[in-house]
Amino acid sequence: MSTCWTEPRTRTVSATTVLRGAAAEALRTEKPVAPRDDQFIYTKEVIEETPVSGGPKKTYVDESWNSVDGSKKSYVSELGHKQWVPPFQKGQSTWPPSRWSELKQLPTDPAKLTATLRDMGGRPDYGRPTKADEWPMVQYFLSGLLRNAVLPKGLRSAAFEALASVPGVTVLPGRTEVDGRAAIAIRYVGPSGTPWQGSGRMLLFDAKSYQYLGTRESRKAGGKTYEQRSHLTAQAVVDRVFQRP
């Protein structure tokens with residue numbers, strides 16, 4: 001049985017148009033939250049994995065509880081593998097940051113956000129243009145930031161706007177699908193000879209509203225290559241591990 005999509009736009013859109021549309025949609029639909037340090041970010045993610053060489057599709061439903069300030073044990077699930085993650089040790093951190101207190105310090109101006117992520121937590125030089133060989137890491141940090149299910153007000157929109165300015169971000173031809181919705185795929189292709197020269201993770205956006213829907217990427221395991229499609233079905237702030245909204 002074939003499926004026929006009704007094209008929401010007859011013209012081919014650019015990555016800039018999609019990402020700026022996603023930024024506007026994020027601002028329109030976001031619900032500001034202010035989690036306490038002692039709370040947890042709950043997420044429920046559905047991942048569909050299909051062998052590229054053929055075979056049955058497998059679906060994982062991963063539920064995770066991540067400590068807001070990193071001071072408590074988190075409980076995470078990845079492709080059905082569940083485990084406790086120890087709290088941050090003294091002086092330990094991640095980049096881009098994952099603690100809410102650090103996320104709140106990131107600027108919501110797209111150009112300043114780019115410079116801040118580029119300079120990796122040091123005093124950002126907002127007046128210095130980003131060099132060609134720095135853009136691959138900038139997009140990596142922006143993509144990492146967007147993986148956070150819950151962000152301070154305006155930060156997700158700023159990240160989409162900043163990503164729109166990254167050279168090498170392009171729209172894939174044709175249409176894809178996320179949970180029954182027609183979607184547009186965006187990917188980053190970096191300079192030849194770098195780890196980013198191939199097609200890595202793709203960000204998927206609703207073809208009509210440009211709302212961010214999820215990701216598509218490939219994974220290799222046991223000598224096989226799998227195509228993964230993932231999307232969040234729930235995210236919330238809760239008081240304890242195993243509590244659901």
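Nothing here was measured: the structure is a model prediction, and the numbers come from that model. The residues of the chain are indexed from 1 along the displayed sequence.
- The backbone N or O of G154 lies less than 3.5 Å from a partner atom in the side chain of E30, making a donor-acceptor pair.
- To the nearest 0.5 angstrom, E45 atom CD is 10.5 Å from Q235 atom CD.
- Using a 4.0 Å cut-off between a side-chain N of Lys or Arg and a carboxylate O of Asp or Glu, R36 and D239 qualify as a salt bridge.
- Linking ILVMFWY residues whenever their side-chain heavy atoms come closer than 4.5 Å, directly or via other members, leaves V241 and V68 in distinct clusters.
- Checked against ring pair (Phe, Tyr, Trp, His ring centres under 6.0 Å), W135 has no partners two or more places apart in sequence or in another chain.
- In the displayed structure, Q92 atom CD is contacted under 6.0 Å by more than 12 heavy atoms of other residues, nucleotides or ligands.
- With ring centers used as reference points, Y210 lies 6.0 Å or more from F160.
- In this structure, S74 contributes its side chain and S67 its backbone to a donor-acceptor pair below 3.5 Å.
- Taking all atoms of both residues into account, the shortest heavy-atom contact from P110 to A158 is CB-O, 3.9 Å.
- Between L142 and L113 the shortest side-chain heavy-atom distance falls below 4.5 Å.
- Residues P136 and P191 share a closest heavy-atom pair of CG-CD, 3.9 Å.
- With a 4.5 Å cut-off on side-chain heavy atoms, L117 and M137 do not count as touching.
- In the hydrophobic clustering of ILVMFWY residues, with side-chain heavy atoms under 4.5 Å counting as a link, V76 and Y42 come out apart.
- Counting heavy atoms from C-beta on, the side chains of V166 and T114 never come closer than 4.5 Å.
- M202 is not connected to I47 by any chain of hydrophobic side-chain contacts under 4.5 Å among Ile, Leu, Val, Met, Phe, Trp and Tyr, and they are in different clusters.
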Next on the checklist: Set out, in order, the CA-CA distance, both residues' side-chain angles and the distance that settles side chain to side chain contact (heavy atoms under 4.5 Å, CB included) for L106 and L151, then state yes or no.
Outcome noted: CA-CA 10 Å; L106 293 177; L151 289 172; over 6 Å; no

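- Here NE2 of H231 is found 9.0 Å from CG of L213. Values are rounded to the nearest 0.5 Å.
- A distance of 15.0 Å separates CH2 of W65 from CD of Q39, quoted to the nearest 0.5 Å.
- Between Q228 atom CD and E48 atom CD the span is 11.0 Å, to the nearest 0.5 Å.
- Annotation for V33 and W100: closest pair O-CZ2, 3.6 Å, computed over non-hydrogen atoms.
- Of all heavy-atom pairs spanning G55 and P51, the tightest one is O-CD, 4.0 Å.
- Between T116 and Y126, some side-chain heavy-atom pair lies under the 4.5 Å cut-off.
- Shown are K57, R229, R219, K58; of these, the side chain to side chain donor-acceptor pair (under 3.5 Å) with E49 is made only by R219.
- When the shell of 6.0 Å around OH of Y140 is examined, it contains 12 or fewer heavy atoms from other residues, nucleotides or ligands.
- The closest side-chain heavy-atom distance from N148 to I41 is not below 4.5 Å.
- With rounding to the nearest 0.5 angstrom, the CD atom of E161 is 11.0 Å from the OG1 atom of T108.
- Residues M120 and L103 share a single hydrophobic cluster, defined by chaining ILVMFWY side chains whose heavy atoms lie under 4.5 Å apart.
- For residues 132-149, the set of pairs meeting the salt bridge (Lys or Arg N to Asp or Glu O under 4.0 Å) definition, not counting sequence neighbours, comprises R128-E134.
- Nearest heavy-atom pair, T215 versus S230, reported as atom, atom and distance to 0.1 Å: OG1-OG, 2.6 Å.
- A heavy-atom distance below 4.5 Å is not found between the side chains of T29 and Q211.
- Within the 4.5 Å cutoff, no side-chain heavy atoms of V18 are placed close to those of L203.
- The two atoms that bring A185 and L204 nearest to each other are CB-CD2, 3.6 Å, heavy atoms only.
- Under a hydrophobic clustering in which Ile, Leu, Val, Met, Phe, Trp and Tyr are joined whenever their side-chain heavy atoms come within less than 4.5 Å, directly or via other members, W95 and L146 fall into the same cluster.
- The closest donor-acceptor contact from the side chain of T233 to the backbone of K44 lies under 3.5 Å.
- The line from CD1 of I186 to CG of L163 is 8.0 Å long, rounded to the nearest 0.5 Å.
- The salt bridge (Lys or Arg N to Asp or Glu O under 4.0 Å) contacts involving residues 60-83 comprise E63-R244, where partners must be two or more places apart or lie in separate chains.
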